[in-house]
Structures are given as C-alpha cells and as structure tokens.
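Some notes on the structure that comes next.
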Protein chains: 2
Amino acid sequence: MAEAASAAGAPRASRLDRRKARTRQALIDAAVRLIAEGRGDRASIQEITEAADVGFGSFYNHFDSKEQLFQAAAEEVLERWGQMIDRASAGISDPAELFAVGTRITGRLGWTHPDIAGFLTGTGLDALDIPGGLAPRALRDIQAGRAAGRFSVPDAEIALSAAAGGLLGLLRVHQRHPGRIDEAAVDQLAEALLRLLGVPAPEAARLAALGLPETGNW
Amino acid sequence: MAEAASAAGAPRASRLDRRKARTRQALIDAAVRLIAEGRGDRASIQEITEAADVGFGSFYNHFDSKEQLFQAAAEEVLERWGQMIDRASAGISDPAELFAVGTRITGRLGWTHPDIAGFLTGTGLDALDIPGGLAPRALRDIQAGRAAGRFSVPDAEIALSAAAGGLLGLLRVHQRHPGRIDEAAVDQLAEALLRLLGVPAPEAARLAALGLPETGNW
DNA sequence: CTTGTAATAGACTATCAGTCATGATGAATG
DNA sequence: CATTCATCATGACTGATAGTCTATTACAAG
C-alpha cells in the first residue's frame with residue numbers, strides 16, 4: 001500500500017509520512033480493540049476517534065466511512081492470524097494436513113487469542129469476504145486438495161463456507177459456555193471437516209491428531 | 001398467533017383488529033422484501049414505512065425498534081420454511097434421513113424460493129439465533145441422531161453451525177453465479193454434511209440420493 | 001526565514017431513530 | 001341513530017450521529 005516513489009524520486013518518506021501512518025494506525029488499533037470488546041460496529045465514530053486520541057475530523061483523512069475502517073482493521077487482524085498459521089504450517093505440503101493445522105489453530109484461538117476469536121465471531125461469515133483474509137488461502141488449500149485427489153468435495157467455496165461455519169460455531173460455543181470447548185473438541189471438529197471434504201474417516205482421524213507446531217505469540 | 005378470545009368472551013376480533021393486523025403485516029412484508037433485496041437492516045425506518053405504505057409513526061405502534069421488526073420478519077419466513085420441511089419429512093423417523101431432506105430442501109430454496117434464500121443469506125449465521133426458527137429443529141435432529149448412534153459428531157451445536165455455514169455458502173454461490181448450483185450440487189452438499197456428522201460415506205451417498213417428496217408452494 | 005503543501009481538527013449540515021400530541025376509525029351504549 | 005370512548009394511525013418534533021468544509025498547525029524545501 002505504500003505510495004511508490006516517483007521514478008527519479010528521493011527516499012520519499014519522513015516525519016510527515018510517519019505522522020500520517022501513526023494516526024491511521026491509532027484508528028485501526030482503536031477499532032480492533034472496540035470490535036474485540038464486542039462493541040462491533042456499533043461504536044460511533046466519535047467514540048473511535050476519542051479512543052484513538054485523534055481529532056474527529058482526522059478520521060475522514062484516512063477512511064471514507066466506518067465500514068472502511070473496520071475493513072482495514074479486519075485485514076490487519078486476519079493478516080496476523082494468517083502469519084501465525086503460516087509459521088505453524090511451514091514445511092507442510094499435503095493440503096489435507098495444511099487444512100487440519102489451520103483449522104486446529106483457528107479453533108484454539110478461543111483461548112489463545114480471545115481478541116481475534118471475538119473479532120471473528122463478531123463479523124460472522126462476512127469474514128469470508130474480507131480481502132487479504134484467510135479465506136483465499138483456505139480456498140487455495142481446498143482446491144489444491146481437490147486437484148491432488150485428496151478431497152472429493154464438489155465446490156470449494158461451499159466447503160469453505162461450511163468449514164468457516166463450523167469454526168465460528170465452535171468459537172461461539174466457547175464464548176457462551178466457557179470450559180465446554182477444549183483441545184479435543186477442536187481436533188474433533190477438524191476431523192469432522194476433513195470428513196466433509198471427502199477424506200476417509202480413519203485418515204481424517206489421523207490428521208487431526210498429529211502434533212501441532214508451536215505458533216509463537218504472534 | 002391469533003389472540004385468544006377471553007374465556008367467556010365474544011368472537012373478539014373485528015375490523016379494528018383486522019386493521020391493526022394489516023398494518024403490522026404490511027410492515028413485516030416490507031421488511032422481508034428489503035432483506036431479500038440485500039438491503040439488510042441498512043434500510044431506514046422511513047424507507048420501510050414507505051415501502052409498506054404506512055405512516056412513519058405507525059411503526060412504533062407495532063415494534064419497539066428496527067431489530068424487533070426484523071426479528072418478527074425472520075420468524076415469519078422461518079416459520080414458512082419450517083412448515084415446508086415438515087410437509088416434506090412427514091413419515092420419516094430416521095434422524096439422518098430427516099437431516100438430509102431438510103438440507104436438500106433448503107439448498108433448493110435458491111431457485112424454488114429466492115426470497116427466502118435471499119433472506120437467509122442476508123442474515124447470515126445470525127439466523128441460528130432466531131427463536132422459533134429452524135435451528136432448534138435441526139439441533140433436535142442432530143441430537144437424536146447422536147443418541148441413536150447414527151451420528152458421531154461430538155457437539156451438536158458446532159455441527160449445526162457448520163451445516164448452516166455450508167448451506168449459506170451454497171446459497172451465496174448460487175446468488176453470485178447463477179447456474180453454477182444445480183440439484184446435484186445440493187445433494188452433494190447434503191452428502192458431505194452427513195459425512196461431517198459421522199455417517200459412513202456410502203450410507204451418506206445413499207441418503208442424499210433418495211427421492212425427495214413434493215413440498216408444495218408453501 | 002519564507003513559502004508551499006499536507007495532515008489535523010472541530011464547527012457545521014443532513015439524516016435517522018425514537019417521542020409525542022393530535023386526528024381518524026370503529027365499537028359500545030342508550 | 002347519535003354520542004361517547006378506546007384504539008390505532010400519523011407526521012411534526014428532538015436528540016444523536018455520519019459525513020463535509022474550512023481554518024489551523026506541522027513539516028519540508030529553498
């Protein structure tokens with residue numbers, strides 16, 4: 001997103017640019033915080049700018065609307081989430097295993113990163129439409145799995161939506177009934193989703209029980 | 001929903017009651033239409049009352065807020081949907097078969113009843129929270145299936161959410177790419193969801209291919 | 001130091017949710 | 001049939017919030 005320097009241009013970034021970036025980031029951080037707190041997009045722009053300690057008018061220097069801010073905030077959160085999964089799945093090439101790892105890490109967000117989990121349940125299935133989110137990557141995995149004959153599901157997008165629904169359901173149950181969801185429950189969901197994708201049951205069980213790599217804190 | 005007549009009461013319903021009911025219904029119909037059009041709850045109350053050809057102030061004689069109206073509209077649509085599935089599943093007792101029928105009829109809504117389909121995709125997973133909706137029934141089916149040893153999924157609520165996600169995904173794909181979803185695709189989703197629930201693959205394929213009863217127009 | 005540009009900021013306007021007082025409709029009663 | 005009363009319908013009113021506009025401030029360049 002950084003503006004390209006003009007062809008013959010100078011280094012093209014200092015102070016002013018940093019100030020601008022700082023303001024923008026303050027707004028995004030405030031939005032992430034508010035969403036995670038469950039205030040969803042019900043927070044007023046005044047509330048947001050106040051939380052970001054920024055003048056009201058500044059908001060519109062960076063975003064055209066509240067929705068646009070929340071979209072940017074969503075992309076940021078999903079980006080971190082994606083990196084977390086990338087780290088955990090480094091070296092894995094089997095699409096089914098990749099899918100299992102992604103599912104299990106996401107399900108664990110409920111207690112490892114409640115803020116992200118809250119964010120996801122707050123946005124619902126709309127999270128699938130967020131560009132740069134995890135959806136494109138998961139979609140790629142599913143399609144790769146189909147191409148490799150590992151999955152037999154007919155439509156990748158539908159399967160993705162089902163997987164997202166399952167994960168969101170799990171996170172929601174966790175929020176509403178703390179303690180009812182544990183690692184075993186997450187692994188069982190991953191197993192069930194693999195079966196949905198057409199992986200034979202015994203193989204699904206095996207994939208959902210593999211050791212899970214460390215993810216780090218972010 | 002008709003008001004019960006008081007015990008010793010007269011017929012207790014005329015003109016005034018009908019007028020009231022008509023106004024209320026006009027508002028609900030307008031809301032259903034707007035949601036199906038994808039305007040979601042972004043429609044202003046003025047827009048709604050205008051679409052219903054009702055005075056602005058009348059709105060608050062019937063509903064406390066826009067959310068309440070949308071909830072009533074949702075219950076109405078889901079009620080019709082539920083009755084449609086009830087008719088189609090009369091005489092079926094196997095939970096797995098019931099689930100398959102419900103899934104396949106719902107998936108077919110995309111072309112048999114685009115208004116309901118639009119409504120469902122418009123509300124997203126929140127449809128699961130609508131009281132009186134189909135969720136409680138589907139949940140019951142899933143739990144019955146677990147009790148009968150027919151399903152092996154650990155948490156019924158999570159499974160329900162995954163199923164809803166799959167169906168919503170299918171309906172969304174149908175809306176965005178008309179013609180990409182046909183009856184075979186719906187049946188394959190039903191099959192996949194049965195596998196997710198723990199039904200052995202061959203049995204899932206059989207259940208998803210059974211003859212589907214006529215549902216009637218409503 | 002001067003000048004120009006880009007970001008900040010809060011006062012201003014339009015729109016929307018929700019309230020309230022008034023008017024219209026029809027039921028009950030003599 | 002006329003009168004009275006209750007209930008619903010209605011749109012003008014109020015407070016709040018999204019989004020605009022212009023003055024001010026911070027910085028960079030010469």
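In what follows, chains carry the letters A, B, and so on, assigned in the order in which the sequence lines appear, proteins first and then strands, with residues in each chain numbered from 1.
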Listed pairs, N/O of protein and of nucleotides 11-16 of chain C, under 3.5 Å:
none

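- The side chain of A/S58 contributes an N or O atom lying less than 4.0 Å from OP1 or OP2 of C/dA9.
- Among the nucleotides D/dT7, D/dT20, C/dA6, the one closest to any side-chain atom of A/Y60 is D/dT20.
- Remark: B/R22 does not engage B/D17 in a salt bridge, criterion side-chain N to carboxylate O under 4.0 Å.
- Test A/H174, A/R172, A/Q175 against A/T121 for side-chain hydrogen bond (donor to acceptor under 3.5 Å, both in side chains) and you get one pass: A/Q175.
- For B/R18 and D/dA9, the CZ to P distance is 14 Å, given to the nearest whole Å.
- Spacing between atom NE2 of B/H62 and atom P of D/dT10 amounts to 9 Å, rounded to whole angstrom units.
- In this structure, CZ of A/F63 is placed 14 Å from C1' of C/dA7, rounded to the nearest angstrom.
- Taking every side-chain heavy atom of B/R15 into account, C/dA27 is the closest of D/dC8, D/dG19, C/dA27.
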* Taking it one step at a time, do B/Q83 and B/R87 satisfy side chain to side chain contact (heavy atoms under 4.5 Å, CB included)? -> CA-CA 6 Å; B/Q83 287 178 4; B/R87 238 172 303 150; 4.2 Å; yes
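- With salt bridges taken as basic N to acidic carboxylate O contacts below 4.0 Å, one links B/E191 and B/R195.
- Put simply, CG on B/N61 is 16 Å from P on C/dA24, counting in whole angstrom units.
- Contact annotation: the side chain of A/R180 approaches that of B/D155 to within less than 4.5 Å [non-hydrogen atoms, C-beta and beyond].
- In this entry the distance linking CD of A/E50 with P of C/dA9 reads 13 Å, nearest Å.
- Under the 3.5 Å distance criterion, with hydrogens and angles disregarded, a donor-acceptor pair is assigned to the side chains of A/E76 and A/Q25.
- For residues 22-29 of chain A, proximity to DNA chain C is found at A/T23, defined as any non-hydrogen atom under 4.0 angstrom from a strand atom.
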* Give the C-alpha distance, both sets of side-chain angles, the deciding distance and a yes or no for side chain to side chain contact (heavy atoms under 4.5 Å, CB included) between B/S161 and A/L170. => CA-CA 8 Å; B/S161 185; A/L170 182 135; over 6 Å; no
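- In this structure, CZ of A/R19 is placed 9 Å from P of D/dA28, rounded to the nearest angstrom.
- Per the geometry, CG belonging to B/L16 stands 20 Å off P belonging to D/dT4, to the nearest Å.
- Taking every heavy atom of both residues into account, A/L171 and A/T106 meet most closely at CD2-O, 4.0 Å.
- Per the geometry, CG belonging to A/D17 stands 9 Å off P belonging to D/dA28, to the nearest Å.
- Taken to the nearest 0.5 Å, the CD1 atom of A/I116 stands 7.5 Å off from the OG1 atom of A/T112.
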